[in-house]
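Reading through the structure tokens given below for one structure.
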Number of protein chains: 2
Amino acid sequence: MISIVLVDDHPVFLQGLEALLSKVPHFEVVKTFSDSTGFFRYLAEGDLPEVVLLDIEMGSITGIEIASNVLQLYPGVKVIMLSTYFSDEYISVLVESGISGYLLKSTDFKELKDSIEKVAKGRFCCSPEIMEVVIEGFKKSSDAESSEGGPGKEPGQLTDREIELVRLIADELTMKEIANKLYLSEHTVKTHRKNLMAKLGVKNTAGLIKKAFLLGLIE
Amino acid sequence: MISIVLVDDHPVFLQGLEALLSKVPHFEVVKTFSDSTGFFRYLAEGDLPEVVLLDIEMGSITGIEIASNVLQLYPGVKVIMLSTYFSDEYISVLVESGISGYLLKSTDFKELKDSIEKVAKGRFCCSPEIMEVVIEGFKKSSDAESSEGGPGKEPGQLTDREIELVRLIADELTMKEIANKLYLSEHTVKTHRKNLMAKLGVKNTAGLIKKAFLLGLIE
DNA sequence: TTCAGGCTACCACTTTTGTGGTATTTTACT
DNA sequence: AGTAAAATACCACAAAAGTGGTAGCCTGAA
């Protein structure tokens, strides 16, 4: 059984896809989302699907960002981007981030189905048109079999301590207050925050809280 | 025609109520929400209903907080709390905040209907049991006809400038950067932020961003 | 025309955040 | 037993945020 989550801001496409995928015997569409916030909150709860089908245009936060964040926070989850078009630079970024597939929406259903199966087995998969771009990109650096990996840690790339921290920060505690609360040195707390900001790619508290919200870490 | 928005985290109650209210000729249930985030985002877009029916137990953010925030940000909107129980202190706070009604869920539909009509006309309305508490509370201070009011300003209690500011802060700009961007003195920007924090009742940037999110000011 | 609210601006001072290091210990996996 | 990651801790300095004031200007409503 392959567990699948769909994320797409077009409810029609979402429903259609769900109906189609649900008919495939060993596929299970466990959840669908039309906004990234709900999606991230879901992941943060620890319900990690095997495969995520992700549409690329999602309003305030782009598909690229969503994909990057999912890949960073939940490396065990396979992400397949669905898009109407493709852009060289984006694909490069995504492939480096460890995305599992990039398909055009024009892809027919059989191809999508096959792709999901391949991806679930740990392979990379994309539309032929896109493969060219990807191969082109490989003429620069060749590293990285991403792949396999046991389930990893549930809460993702961020450690438990870090998540604890970000929540306390969101509750308006200062480093000093958090240090007291957790019986830690203020230095330690500052170090955690520093790592947190680096991992989430933000510059200050405002960015930290915003991102934490977007990623469903706080509510 | 009275435009109504329902907010309640119990979908069953929500749907039932919607069905009932929709049958009343001059009532229009324009929207329903089962979480506060979506509700605040909706208000922030400027679609202000005349009356909001608000259930009191809503998880992370309490009904009291939601009500207070709505009343503060959108004074023109009439808020009726629906609750299973009632607490002296809460009611006092809410009445002072300018709530338009406080009904128990045990209220029958006719009473609810009448209450909505009264409230839409600018009156205050609550269950008899609660009225006692309210009157009791009046033995302290007697001010405030809240009420009437033209539509006020759309974005609520926060001024345009302040909303602009909070969004730039959420984008990780420092006061200096914002000042440059808007051709203002850094002092001015700091003053705005100061007012902003006071209005939203928060202590620091973390709280500011969190609240702004909760209120749908940023996304 | 007074008055309130919003926008602007300033000051001085404290506290907290943010940067950019290093380093030890514990824990968990191999 | 070895090692990678997490958690802990330290330092010094720069940059911002946060506190608690005051105050002038403009506009629209009473």
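Below, chain A is the first sequence line, B the second, and so on; all start at residue 1.
In this structure the side chain of B:Met81 never reaches within 4.5 angstrom of the side chain of B:Leu103, judged on heavy atoms.
Using a 3.5 Å distance cut-off with no hydrogens or angles, the side chains of A:His192 and A:Glu164 do not pair a donor with an acceptor.
A salt bridge links B:Asp171 with A:Lys210: the closest approach of a Lys/Arg side-chain nitrogen to an acidic carboxylate oxygen falls below 4.0 angstrom. Using a cut-off of 4.0 Å between Lys/Arg side-chain N and Asp/Glu carboxylate O, A:Lys199 and A:Glu162 are scored as salt-bridged. Between B:Glu219 and B:Arg41 there is a salt bridge, since a side-chain N of the basic residue sits under 4.0 Å from a carboxylate O of the acidic one.
The two residues A:Ile209 and A:Ala170 have their closest heavy-atom pair at CD1-CA, 3.6 Å.
Within 4.0 Å of B:Asn204, counting heavy atoms only, lie sugar-phosphate atoms of the nucleic acid but no base atom.
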Mind running side-chain contact (heavy atoms from CB on, under 4.5 Å) on A:Val51 and A:Val77 for me, showing each step along the way?
-> CA-CA 6 Å; A:Val51 179; A:Val77 176; over 6 Å; no

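Note: CG (B:Leu184) to C1' (C:dC10) measures 14 Å, nearest angstrom. The interatomic distance linking B:Arg193 (CZ) with C:dG6 (P) rounds to 20 Å, in whole Å. Taking atom OH of A:Tyr183 as the reference point, atom C1' of D:dA9 lies 19 Å away to the nearest angstrom. Computed from coordinates, the B:Leu173 CG to D:dA16 P distance equals 12 Å when rounded to whole Å. Atom P of nucleotide C:dG18 and atom NZ of A:Lys194 are separated by 12 Å, given to the nearest angstrom. For A:Met175 and C:dT15, the CE to P distance is 16 Å, given to the nearest whole Å. Separating the CG atom of A:Leu165 from the C1' atom of C:dT17 is a distance of 14 Å, rounded to the nearest angstrom. With rounding to whole Å, A:Ile169 atom CD1 is found 14 Å from C:dT16 atom P.
When the side-chain nitrogen and oxygen atoms of B:Thr188 are compared with OP1 and OP2 of C:dA9, one or more of them lie within a distance under 4.0 Å. Considering only side-chain N and O atoms, B:Lys176 lies under 4.0 angstrom from the phosphate OP1 or OP2 of D:dA16. For the OP1/OP2 pair of D:dA7 and a distance below 4.0 Å, the side-chain nitrogens and oxygens of A:His192 include no atom meeting the criterion. At C:dC7, one or more side-chain N or O atoms of B:Thr159 fall inside 4.0 Å of OP1 or OP2 (strictly under the cut-off).
Which of D:dT8, C:dA9, D:dA7 sits closest to the side chain of B:His187 comes down to C:dA9. Among the nucleotides D:dG18, C:dG18, C:dC10, the one closest to any side-chain atom of A:Thr205 is C:dG18. Closest to the side chain of B:Arg161, from the set C:dT8, C:dT17, D:dA17, is C:dT8.
Between A:Phe213 and B:Phe213, the angle of the ring planes stays under 30°, which puts this pair in the parallel group of the 30/60° scheme.
Mapped onto DNA chain C by nearest heavy atom, A:Thr191 and A:Glu177 fall at different nucleotides, with A:Glu177 at the one closer to the 5' end.
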Identify each atom pair where a protein N or O and an N or O of nucleotides 24-27 of chain D are less than 3.5 Å apart, giving names and distance.
none

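Residue B:Lys203 places no side-chain atom within donor-acceptor reach of the base of D:dG18, judged by atom type and a 3.5 Å distance cut-off alone.
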